[in-house]
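Chain letters run A, B, ... following the sequence lines, proteins first and then strands; every chain starts at 1. Heavy atoms only: backbone and side chains are in, while hydrogens, waters and symmetry mates are out.
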Amino acid sequence: MHTGDWPSTAEEALAVQEALRGRVELTDDLPELPPTVTGLDVAYDEDDGIAAAVVTLETAGLTVVEERTHRAKAVFPYEPGLFAFRELPPLLAALSDLEREPDVLVCDGHGLAHPRRFGLACHLGVLTGRPAFGVGKTRFVGTHEPLGPARGASVPLVDAGEEVGAVLRTRDGVKPVYVSAGHRIGLAHACRLTLALTPRYRLPETTRRADRLSRAALR
DNA sequence: GCGACAG
DNA sequence: ATCTTGTCGC
């Protein structure tokens with residue numbers, strides 16, 4: 001659980017981002033292939049009901065090690081750029097129920113590829129202290145050159161002259177994903193991990209598992 | 001002023 | 001995010 005107070009307005013949320021953005025660590029102590037990878041996702045119903053799910057997989061083999069869910073009511077509206085304030089509460093609750101400390105968090109959304117360089121992956125990383133990165137399904141900020149058609153192809157995602165992430169093709173001829181560092185992990189490393197998590201589908205196995213679990217938990 | 005806009 | 005049928009392709 002968190003401290004007790006949570007932003008209720010966009011102004012407060014922006015102030016929190018401003019206060020925490022400096023705590024992002026652009027370091028990388030993570031082993032090339034950490035023992036486990038933890039995916040997170042949130043599902044919604046038509047009445048502000050939300051279900052968060054976290055799934056920890058063994059990196060080699062992608063088998064489930066542990067999974068947890070948490071149901072709640074949304075406490076913040078969806079707003080581009082402030083997305084974390086909506087999903088973080090239930091995600092943190094589910095994470096705190098894990099028995100094994102996550103080695104790295106794979107988020108369904110962006111990290112540094114955010115208007116203020118503090119997307120969900122950065123926020124989650126800073127609050128938990130764990131390494132974290134984001135894998136977004138669609139672009140939020142930045143532009144990029146055309147991308148090759150084969151799995152593994154990638155080009156820098158640039159916003160305001162800064163390299164904020166990478167556009168990465170995880171499957172041949174399939175729409176790419178947007179990878180960005182969140183906390184305590186480098187972009188190249190995050191891309192390599194993303195490829196290790198996509199042996200068959202476009203999205204990381206962590207995200208797919210968490211997505212299924214969160215939907216199931218909603219009922 | 002006109003779009004764009006993570007999930 | 002979620003609402004939803006058929007359809008094209010491997």
Side-chain donor-acceptor distances from residues 51-65 of chain A under 3.5 Å, at least two apart:
residue, atom, partner, partner atom, Å
T56(A), OG1, T38(A), OG1, 2.8
E58(A), OE1, T63(A), OG1, 2.9
T59(A), OG1, P34(A), O, 2.5
T59(A), OG1, P35(A), O, 3.2
T59(A), OG1, T36(A), N, 3.4

Contact check, residues 103-122 of chain A vs DNA chain B, heavy-atom distance under 4.0 Å, returns D108(A), H110(A), H114(A), G119(A), L120(A)

Would you give me the side-chain donor-acceptor pairs under 3.5 Å for residues 76-93 of chain A, sequence neighbours excluded?
residue, atom, partner, partner atom, Å
R86(A), NH1, F76(A), O, 2.7
E87(A), OE2, Y44(A), OH, 2.8

I50(A) CD1 to dT2(C) P, in whole Å, measures 12 Å

When rounded to whole Å, the CG to P distance for the pair D41(A) and dA6(B) reads 15 Å

Residues pairing under salt bridge (charged side-chain N to carboxylate O under 4.0 Å, His left out) where one sits in residues 109-124 of chain A, two or more places apart or in two chains, turn out to be R117(A)-D159(A), R117(A)-E162(A)

task: Check every strand shown and say whether G81(A) touches a base, only sugar-phosphate, or nothing at a heavy-atom separation below 4.0 Å.
output: base

Distances for protein N/O vs nucleotides 2-5 of chain B N/O pairs under 3.5 angstrom?
residue, atom, partner, partner atom, Å
dC5(B), OP1, R139(A), NH2, 2.9

So, with a heavy-atom separation below 4.0 Å from DNA chain B, the residues of residues 169-178 of chain A are none

TODO: Using a 4.0 Å heavy-atom cut-off across all strands, classify L82(A) as base, sugar-phosphate, or nothing.
DONE: base

Out of curiosity, does L213(A) fall in the hydrophobic cluster containing V106(A) (side-chain heavy atoms, cut-off under 4.5 Å, transitive links)? yes

Counting only Watson-Crick and G-U wobble pairs with both atom distances below 3.5 Å, the stems of 3 or more consecutive pairs that include DNA chain B are none

Whole-Å distance, K137(A) NZ to dT2(C) C1', equals 12 Å

Note, DNA chain C 5' to 3' with Watson-Crick or G-U pairs under 3.5 Å encoded as ( ), [ ], | and . gives ..........

For residues 165-175 of chain A, dump all side-chain donor-acceptor pairs below 3.5 Å to protein atoms at least two apart in sequence or in another chain.
residue, atom, partner, partner atom, Å
R169(A), NE, G148(A), O, 2.9
R169(A), NH1, V174(A), O, 2.9
R169(A), NH2, L147(A), O, 3.1
R169(A), NH2, G148(A), O, 2.8
T170(A), OG1, R202(A), O, 2.7
R171(A), NE, R200(A), O, 3.3
R171(A), NH1, T198(A), O, 3.4
R171(A), NH1, P199(A), O, 2.9
D172(A), OD1, R151(A), N, 2.7
K175(A), NZ, K137(A), O, 3.1

Here the salt bridge (charged side-chain N to carboxylate O under 4.0 Å, His left out) pairs for residues 179-197 of chain A, sequence neighbours left out, are E32(A)-R192(A)

note: D159(A), atom CG; dA6(B), atom P; distance rounded to Å ~ 13 Å

With the threshold set at 4.0 Å, does a side-chain nitrogen-carboxylate oxygen contact exist between R68(A) and E66(A)? yes

Residues 209-219 of chain A vs salt bridge (charged side-chain N to carboxylate O under 4.0 Å, His left out), sequence neighbours excluded, gives D211(A)-R215(A)

Mind listing the N/O atom pairs, protein and nucleotides 3-8 of chain C, below 3.5 Å?
none

When rounded to whole Å, the CZ to C1' distance for the pair R86(A) and dA6(B) reads 13 Å

